K.L.:
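Attaching a single structure in structure tokens format; questions to follow.
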Number of protein chains: 2
Amino acid sequence: MKDGPDIARIAALIGDPARAAMLTALMDGAALTPTELAAEAGVTKQTASAHIAKLEAAGLTAREVQGRHHYLRLADGDVATVLEALMTVAERRGGRRTRPGPADPALRYARVCYDHLAGAQGVALYDHMQRKGWIADGPVLTDTGARAFEDLGVDIAALRAKRRPVCRACLDWSVRRHHLGGGLGQAVLTRFEEMGWVRRAAASRVITFTPTGKTAFAAFLR
Amino acid sequence: MKDGPDIARIAALIGDPARAAMLTALMDGAALTPTELAAEAGVTKQTASAHIAKLEAAGLTAREVQGRHHYLRLADGDVATVLEALMTVAERRGGRRTRPGPADPALRYARVCYDHLAGAQGVALYDHMQRKGWIADGPVLTDTGARAFEDLGVDIAALRAKRRPVCRACLDWSVRRHHLGGGLGQAVLTRFEEMGWVRRAAASRVITFTPTGKTAFAAFLR
DNA sequence: TTCATGGTTCGACCGTAGCCGAACCATCTG
DNA sequence: CAGATGGTTCGGCTACGGTCGAACCATGAA
């Protein structure tokens, strides 16, 4: 009865609570697996699989298969735009499901995004890597970058041997900036933990810097 | 299971074909009545009423009651933003429900929006009224404006006697500009028809200018 | 090869939500 | 006042779609 693109189809897709939870989780820019998405949405793997199939068929998400793992991400910046716009209107009227008060600033400061560092500190790290020429467009790790991280104790050669891409830019929705993802992102966060720079909270996604870690990280970014 | 605003709720609201059709119709910026919206969506008045109640409860639409008529419009610019974003992604992937080929440019040029002139020509008229000082902020019709339209044969006094607001700015989504709505908008379009300047197509919303009408309208905008 | 893990497919169940007919209320007109 | 028109409410029907248990494929590890 009406011309124009088929809005209802994709709005209905986002309109299911489980799928909405999945898409919201993907807003971080991270690539998540079906199992993780199932956990985010609070459903079983089978139903998650069905939901993902629909999202993918509609072109809202894209998939990358690595071994037996499937990584899903938002297909597009446009999709993120829709979600943002929806958040804007949803927030204003009866914005239930609000974020926990004290956790919010902590999350913005530093949190785990899939398995690497996100938030303001994650962005700061990525910016520094760009300034120092540790990464080039792609993004790919440069030789100087590799050396810098090896000095920190990260085994770059081992990373390159794995299937997972070493370097990956991860869009941080809350800040609209990139942070470091990929195998290196994971390795760096692990290394930070080993060195006692950071601690990961049990149930939440918050990352806390220890006093030593705070100064050491600041020095590393010099 | 997930923090953040309740996206799913309002996405589901837009996700119903009938409601989506209604909202799309309202994108013109016009205020439509429940009966008209029912026609747009292809449902009966009762179901339309139910849909509208939900949209209103969620704060997506606002209502203005004038006598026994109820005028509905989008609540907000944010709502329009969501619809636009949805159109963007819906258009790109499997954009079925595409506009009819030849009608599209015609619609953009001149069409009826509720009961008045929209499209490029509608915007041109509104712009001219602003330049000439025929309307002031509000918008309200100025004395010079009233005289100009009376010269054209429009009975301004009769318009003022009615309940319906004389002057109304109507946001044209396709052009992102305003055109003339309200009682005056209706009266002007009617007058154009009487003078043989324009013809309204039967089933569609397209307005065609006659050769005489085209030159006369251009002269009027001088 | 065998086992464990990650993902998908199938089938069946169930609830919710859209839809309409009919009746009802409100406002304007004559 | 009565009649007409615009909107809403109510009740009941129907169907679509989300959900999970169980079985099935594929990959990687021992």
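Because the structure is a prediction, the values reported are computed rather than measured. All heavy atoms count here, side chains included; hydrogens, waters and symmetry mates do not.
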K.L.:
Donor-acceptor check, side chain of T47(A) to backbone of V43(A), threshold 3.5 angstrom: yes or no?
P.N.:
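Answer holds: no.
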K.L.:
Can you identify which nucleotide, out of dC19(C), dT9(D), dT19(D), has its nearest atom closest to the T47(A) side chain?
P.N.:
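Out of dC19(C), dT9(D), dT19(D), the nucleotide with an atom closest to T47(A)'s side chain is dT19(D).
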K.L.:
Is any side-chain N or O of T33(A) closer than 4.0 Å to OP1 or OP2 of dG7(C)?
P.N.:
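T33(A) to dG7(C) OP1/OP2: side-chain N or O found under 4.0 Å.
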K.L.:
Which whole-number value in Å describes the distance from L37(A) CG to dT19(D) P?
P.N.:
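Those two atoms, CG and P, are 14 Å apart.
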K.L.:
Which nucleotide wins on minimum distance to the side chain of K45(B), given the candidates dG7(C), dG18(D), dG7(D)?
P.N.:
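Of the options given, the side chain of K45(B) lies nearest dG7(D).
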K.L.:
Whole angstroms only, please: what is the CZ-P distance between R68(B) and dG6(D)?
P.N.:
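Roughly 6 Å, once rounded to whole Å.
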K.L.:
What nucleotide among dG7(D), dT19(D), dG7(C) has an atom nearest to a side-chain atom of H70(A)?
P.N.:
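Between dG7(D), dT19(D), dG7(C), the one nearest the side chain of H70(A) would be dG7(C).
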K.L.:
Given dT19(D), dT8(D), dG18(C), which nucleotide is nearest the side-chain atoms of A18(A)?
P.N.:
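So the nucleotide nearest the side chain must be dT19(D).
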K.L.:
Under 3.5 Å, is there a donor-acceptor pair between the T190(B) and E194(B) side chains?
P.N.:
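No.
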K.L.:
Out of dG7(C), dG18(D), dT9(C), which has the shortest distance to the side chain of R19(A)?
P.N.:
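Nearest to the side-chain atoms of R19(A), counting from C-beta on, is dG18(D).
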K.L.:
CD1 of I52(A) versus C1' of dT19(D): gap in Å, rounded?
P.N.:
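Those two atoms, CD1 and C1', are 15 Å apart.
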K.L.:
Between P on dG18(D) and CE on M22(A), what's the gap in Å once rounded to a whole number?
P.N.:
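Interatomic distance, CE of M22(A) to P of dG18(D): 11 Å.
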K.L.:
More than 12 heavy atoms of other residues, nucleotides or ligands under 6.0 Å from CG of D151(A): yes or no?
P.N.:
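Result for CG/D151(A): enclosed.
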K.L.:
What's the closest nucleotide to the side chain of V43(B) if the choices are dG18(D), dC19(C), dG6(C)?
P.N.:
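Closest of the options to the side chain of V43(B): dC19(C).
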K.L.:
Would you indicate which nucleotide in dT8(C), dG7(C), dG6(D) comes nearest to any side-chain atom of R63(A)?
P.N.:
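Closest nucleotide among those given: dT8(C).
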K.L.:
State which of dT9(D), dT5(D), dT9(C) makes the closest approach to the side chain of Q46(B).
P.N.:
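Looking only at side-chain atoms, Q46(B) lies closest to dT9(D).
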K.L.:
State whether K54(B) places a side-chain N or O below 4.0 Å from either non-bridging phosphate oxygen (OP1 or OP2) of dA17(C).
P.N.:
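False: K54(B) side-chain N/O out of range (4.0 Å or more) of dA17(C) OP1/OP2.
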K.L.:
Name the closest nucleotide to the H51(B) side chain, picking from dT27(C), dC19(C), dG7(C).
P.N.:
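Among the listed nucleotides, the one closest to the side chain of H51(B) is dC19(C).
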K.L.:
Determine yes or no for a side-chain-to-main-chain donor-acceptor pair under 3.5 angstrom, with R199(A) supplying the side chain and T208(A) the backbone.
P.N.:
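Absent.
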K.L.:
Give a yes/no answer on whether the side chain of H69(B) brings an N or O atom under 4.0 Å of OP1 or OP2 in dA26(C).
P.N.:
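So the side-chain polar atoms of H69(B) never come under 4.0 Å of the phosphate oxygens OP1 or OP2 of dA26(C).
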K.L.:
Would you confirm whether R191(A), through its side chain, and L152(A), through its main-chain N or O, come within 3.5 Å as a donor-acceptor pair?
P.N.:
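Yes, because the side chain of R191(A) sits within donor-acceptor range (under 3.5 Å) of the backbone of L152(A).
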K.L.:
Over how many whole Å does the gap from E36(A) atom CD to dG6(C) atom P extend?
P.N.:
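Rounded to whole Å, this separation is 10 Å.
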K.L.:
For the pair made of CD in E56(B) and P in dT9(D), what is the distance, rounded to whole Å?
P.N.:
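Rounded to the whole Å, the gap is 11 Å.
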K.L.:
Can you tell me the distance, in whole Å, between the CZ atom of R9(B) and the C1' atom of dA17(C)?
P.N.:
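It is 15 Å, rounded to the nearest whole Å.
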K.L.:
Can you measure E64(A) atom CD to dG6(C) atom C1' for me and round it to whole angstrom units?
P.N.:
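About 17 Å, once rounded to whole Å.
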